[in-house]
Structures are given as structure tokens and as C-alpha cells.
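Worksheet: the structure to be examined is printed underneath.
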Amino acid sequence: MPDLNIGRLPTGKGVALFFCAYNEEKSLPEKIKNIQALKEICPEMEVFAYSDASTDATASILENASHLLEPVINQERLGKATGMRKIVAMTDAEILIFTDANVLLQPDSLPGLINYFSDPEIGCVAGTLVYGAMDSTTAKVGGWYWRLEEKIKYLETITGSTMGADGSIFARRKQKYPDVPPDLLDDMTTSISVIFDSLRCISAKDVIAYENAISSSKEEFNRKKRISCRAFSTYLYLRDDLKKMSFLNRFKFISHKLIRWWGGLFILVGAFSLVLWGGTIGMALPIFSALFVGALFVVFLGRMGVSGVSSIYEVLLAIFATGLGVAESIRGRKYRTWETANTR
């Protein structure tokens, strides 16, 4: 990495960090401490925090930290995409860093994150998220999934670009920052759009952030359903631009995103095909019965927390939640706001 004049890019343009919050009074004290540590490393970095009509102490906590950040308190729930657009418009900084209210960025990762933009071909940098507090099967399965996701993003980077970034931690150039509709995923749209402008979106192992995993099955199910609904709607919105990407990037997008979104459908088609095949040999009813009883077995023992089976249950639940979200998107369902998880 080239040496960095802390807080400034070689072009003389600045750096700004953004996050949106809704009822994050539990997470914000640690977040404020983290911002203070980041500001000690990069004192000229601007920080903007948007409260989306929070009903707890979020707004007052942000206002009390006005010596570190610019609080933007909204009285009407408009959603993250609208909130981000609002605070991004408040800065002239060239490099925009996006994070979540409950995510802590490792302070010594900041210089490296900024330095990546010394390469004019890089338009977006996705950080590496590490999950903590693995105190339930739901959290452990979420952690396993995310480690796989980070590995895929890294392998995609080796071949050019990864297919977008997660909102927990990423940075992009402000140039051509897109206007994201309120019901779409702003992190997916703003990160992958740099590829449409012939820049790279890369995954960085040395930019590390931390977040506690959700330990409630119900909260994680609802979160995955909401995210997949918005993600698939984002795909439909960006479909024409995605078609213009290189063959390699289109292959990566299909294999990384589309196949995952349709995972539940593939399982159902596979099970239906197996029953049809069984019909050709006079075994349709026994095969259907075995699949049905097996599903009940996994659900019953999984909900009881039986070791091994509970992990399979959580994986299948995540696949089902994702498929349900896609179905909601196809039916026209729109999510603009979000609920803060109570079990992080």
C-alpha cells in the first residue's frame, strides 16, 4: 500500500463516513467510541449519521456526539436509501465510506481502505465482516454462511470484480453516485454500479469490521425475507445495466446472486422431480411420504435444538426465507424501512 497523508487523498479530496440508525440506542455508545478512534487516525474525515424517526434515545445520543459527527434527525420514517441519499448530498468528499450503526470498523483498517483509491481503476472497496457472539445455532449458521460469502467475494476479486458489497462496511467514489429508489437495496446499487462505469469493485481482506450475529430464528427469517425481496427488486431495476457487463461478470452475478435467490425453487423442483421419477417405477407414494416425513423430522427436531439437525433446519429456513422474499418482490411487495434486531 502507498503511504497515506492521513485524512486526505493524493487528489486533495476528502473522506466521509455515513451510517443510518433506527432505534439503535444499545449499539450507539460503542459506535461513538469507534468513530472517535477512527477520527484520531483520520481527523479530517467527516461523519454523518441519520436517524430514521427513531422512537428511543437514538436521536439524543447522536446529537450529544455532534463534536464527532453531523447528526441528521428525521421525524418521518423514509428508509435507509432515502436517508443515505440525504446525507451523501451534504458532503463534497471524494471517498464515501458506508457502514451500519451496529458495526465497528477496526481503526487500523481505515488507512488501508482509503489507500485502495490511489488506484484509479478501483471504484468500490468491500470490507470483510466478522461476526461475533455466536451464542445460538441461528448465529452460528449465519456466521458459516458469511464466511463463505466473504470467500466468494475474495475469489471474484482475483478475477476482476466482486458482485457488489454489503452495507456493513464498504467505500466508493462519490463520482456518479446513483439515485437509489427507496424500496431498493442502496448498498447493492451503489456498490455494483461502479462496474457499469468500467471501474472495479473489490473485496479487501485487510479492511475488517465486526458485528454481532442475530441469535433469534424469527428475526433472522424476517430479515432475510426483507433483504431478498429488496435485492431481487434491485436486480429487476438494474437488469438492463447488468446485461451490459462482461460475460465473466454476468457469470459471476448469476452464480453468486441469482442461483442463491432461486435456491428454494430448485429444492422444490428437485423434490417434485424425484416424486415424478418414483411414479415411473411405482414408488411415487413411498418417495413422497419419505420426503414429507423427513421434512417434518427436520422441522420438529430442528425447533427442539437437536445438535446437527438444528443446523440443517436453520439452513433450510434461510433458503425458504430468501425464496419467500423473491416471491414477494415478484408480487410487487416493497420494503422501505427496517426493524432493528433485538438479539444481536
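None of these values were measured; they are calculated from a predicted model.
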Minimum side-chain heavy-atom gap [X]-[Y] below 4.5 Å:
{"X": "L105", "Y": "V207", "value": "yes"}
{"X": "M245", "Y": "R250", "value": "yes"}
{"X": "I195", "Y": "L199", "value": "no"}
{"X": "F221", "Y": "L324", "value": "yes"}
{"X": "D52", "Y": "C20", "value": "no"}
{"X": "E46", "Y": "V15", "value": "no"}

For this session: Go through the steps to decide whether N23 and E25 satisfy the test side-chain hydrogen bond (donor to acceptor under 3.5 Å, both in side chains), and finish with yes or no.
Result: CA-CA 6 Å; N23 289 357; E25 63 178 6; over 6 Å; no
Can you tell me how far [atom2] of [Y] sits from [atom1] of [X], rounded to the nearest 0.5 angstrom?
{"X": "K26", "Y": "N212", "atom1": "NZ", "atom2": "CG", "result": "12.0 Å"}
{"X": "R77", "Y": "S54", "atom1": "CZ", "atom2": "OG", "result": "7.5 Å"}
{"X": "C42", "Y": "L110", "atom1": "SG", "atom2": "CG", "result": "5.0 Å"}
{"X": "L78", "Y": "M84", "atom1": "CG", "atom2": "CE", "result": "14.0 Å"}
{"X": "D179", "Y": "L184", "atom1": "CG", "atom2": "CG", "result": "10.5 Å"}
{"X": "S60", "Y": "I73", "atom1": "OG", "atom2": "CD1", "result": "8.5 Å"}

Return the minimal non-hydrogen interatomic distance between [X] and [Y], and the atom names on each side.
{"X": "P107", "Y": "L38", "value": "CA-CD2, 3.6 Å"}
{"X": "D187", "Y": "T190", "value": "O-OG1, 3.5 Å"}
{"X": "T189", "Y": "T234", "value": "OG1-CG2, 3.3 Å"}
{"X": "A139", "Y": "A213", "value": "CB-CB, 3.7 Å"}
{"X": "G79", "Y": "T337", "value": "N-CG2, 4.0 Å"}
{"X": "M163", "Y": "H256", "value": "CB-ND1, 4.3 Å"}

Do we see a donor-acceptor contact under 3.5 Å between the side chains of [X] and [Y]?
{"X": "K86", "Y": "N74", "value": "yes"}
{"X": "D206", "Y": "S109", "value": "no"}
{"X": "S203", "Y": "E156", "value": "no"}
{"X": "T128", "Y": "K153", "value": "no"}
{"X": "S193", "Y": "R172", "value": "yes"}

Exercise. Which pairs with one or both residues in residues 95-104 pass salt bridge (charged side-chain N to carboxylate O under 4.0 Å, His left out), sequence neighbours excluded?
Worked result: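 Passing the test, one end in residues 95-104: K80-D100.
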For [X], the rest of its hydrophobic cluster, which grows through side-chain links under 4.5 angstrom:
{"X": "I152", "answer": "L148"}
{"X": "F288", "answer": "L274, V275, W277, I281, M283, I287, L291"}
{"X": "W338", "answer": "Y22"}
{"X": "Y154", "answer": "L155, I158"}

Exercise. Going by an N to O cut-off under 4.0 Å, is there a salt bridge joining K224 and E220?
Worked result: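 Salt bridge: yes.
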Exercise. Ion pair present between K33 and E30, side-chain N to carboxylate O less than 4.0 angstrom?
Worked result: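 Salt bridge present between K33 and E30.
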With a 3.5 Å distance limit and no angle check, can you tell me whether [X] reaches the backbone of [Y] through a side-chain donor-acceptor pair?
{"X": "R303", "Y": "S310", "result": "no"}
{"X": "K39", "Y": "E44", "result": "no"}
{"X": "R200", "Y": "C124", "result": "no"}

Exercise. Hey, does the Lys NZ or Arg CZ of K257 hover above the aromatic six-ring of Y235, less than 6.0 Å from the centre and inside 45° of the axis?
Worked result: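 Judged by the rule (NZ or CZ under 6.0 Å from the ring centre, within 45° of its axis), K257 is not positioned above Y235.
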Problem set entry | Evaluation steps, side chain to side chain contact (heavy atoms under 4.5 Å, CB included), between F253 and I192 | CA-CA 10 Å; F253 186 88; I192 202 170; 3.9 Å; yes
For this session: Mind jotting down which residue pairs meet the ring pair (Phe, Tyr, Trp, His ring centres under 6.0 Å) criterion with at least one end in residues 160-211? Sequence neighbours excluded, please.
Result: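 Checked against ring pair (Phe, Tyr, Trp, His ring centres under 6.0 Å) - neighbours excluded - the pairs reaching residues 160-211 are F98-F170.
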Problem set entry | Residue pairs, two or more places apart or on separate chains, that pass ring pair (Phe, Tyr, Trp, His ring centres under 6.0 Å) and touch residues 25-73 |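 Every pair satisfying ring pair (Phe, Tyr, Trp, His ring centres under 6.0 Å) with a residue in residues 25-73: F18-F48.
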For this session: Take E24 and T58 through the side-chain hydrogen bond (donor to acceptor under 3.5 Å, both in side chains) test and state the conclusion after the steps.
Result: CA-CA 6 Å; E24 290 284 1; T58 292; over 6 Å; no
Problem set entry | Cluster check I35, I95: I/L/V/M/F/W/Y, side chain < 4.5 angstrom |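 Hydrophobic grouping puts I35 with I95.
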Exercise. What about I202 and V194, same hydrophobic cluster or not, with Ile/Leu/Val/Met/Phe/Trp/Tyr joined at side-chain heavy-atom distances under 4.5 Å?
Worked result: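 Not linked; separate clusters.
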Residue list, salt bridge (Lys or Arg N to Asp or Glu O under 4.0 Å) with [X], at least two apart or on another chain:
{"X": "K176", "answer": "D197"}
{"X": "D186", "answer": "none"}
{"X": "E63", "answer": "none"}
{"X": "R260", "answer": "E149"}

Show which side-chain atoms of residues 325-334 pair as donor or acceptor with protein atoms under 3.5 Å away, not counting sequence neighbours.
| from | atom 1 | to | atom 2 | distance (Å) |
| --- | --- | --- | --- | --- |
| E328 | OE1 | Y335 | OH | 2.8 |
| S329 | OG | S233 | N | 3.3 |
| S329 | OG | S233 | OG | 2.7 |
| R333 | NH1 | Y335 | OH | 3.4 |
| K334 | NZ | D183 | OD2 | 3.4 |

Exercise. So, do F266 and W261 have ring centers that fall under 6.0 Å from each other?
Worked result: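 No - the distance between ring centres of F266 and W261 does not fall below the 6.0 Å cut-off.
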Exercise. Given the rule in the side-chain hydrogen bond (donor to acceptor under 3.5 Å, both in side chains) test, do T159 and K252 qualify, once you have shown the distances and angles that lead to the verdict?
Worked result: CA-CA 10 Å; T159 59; K252 287 190 284 189; 3.1 Å; yes
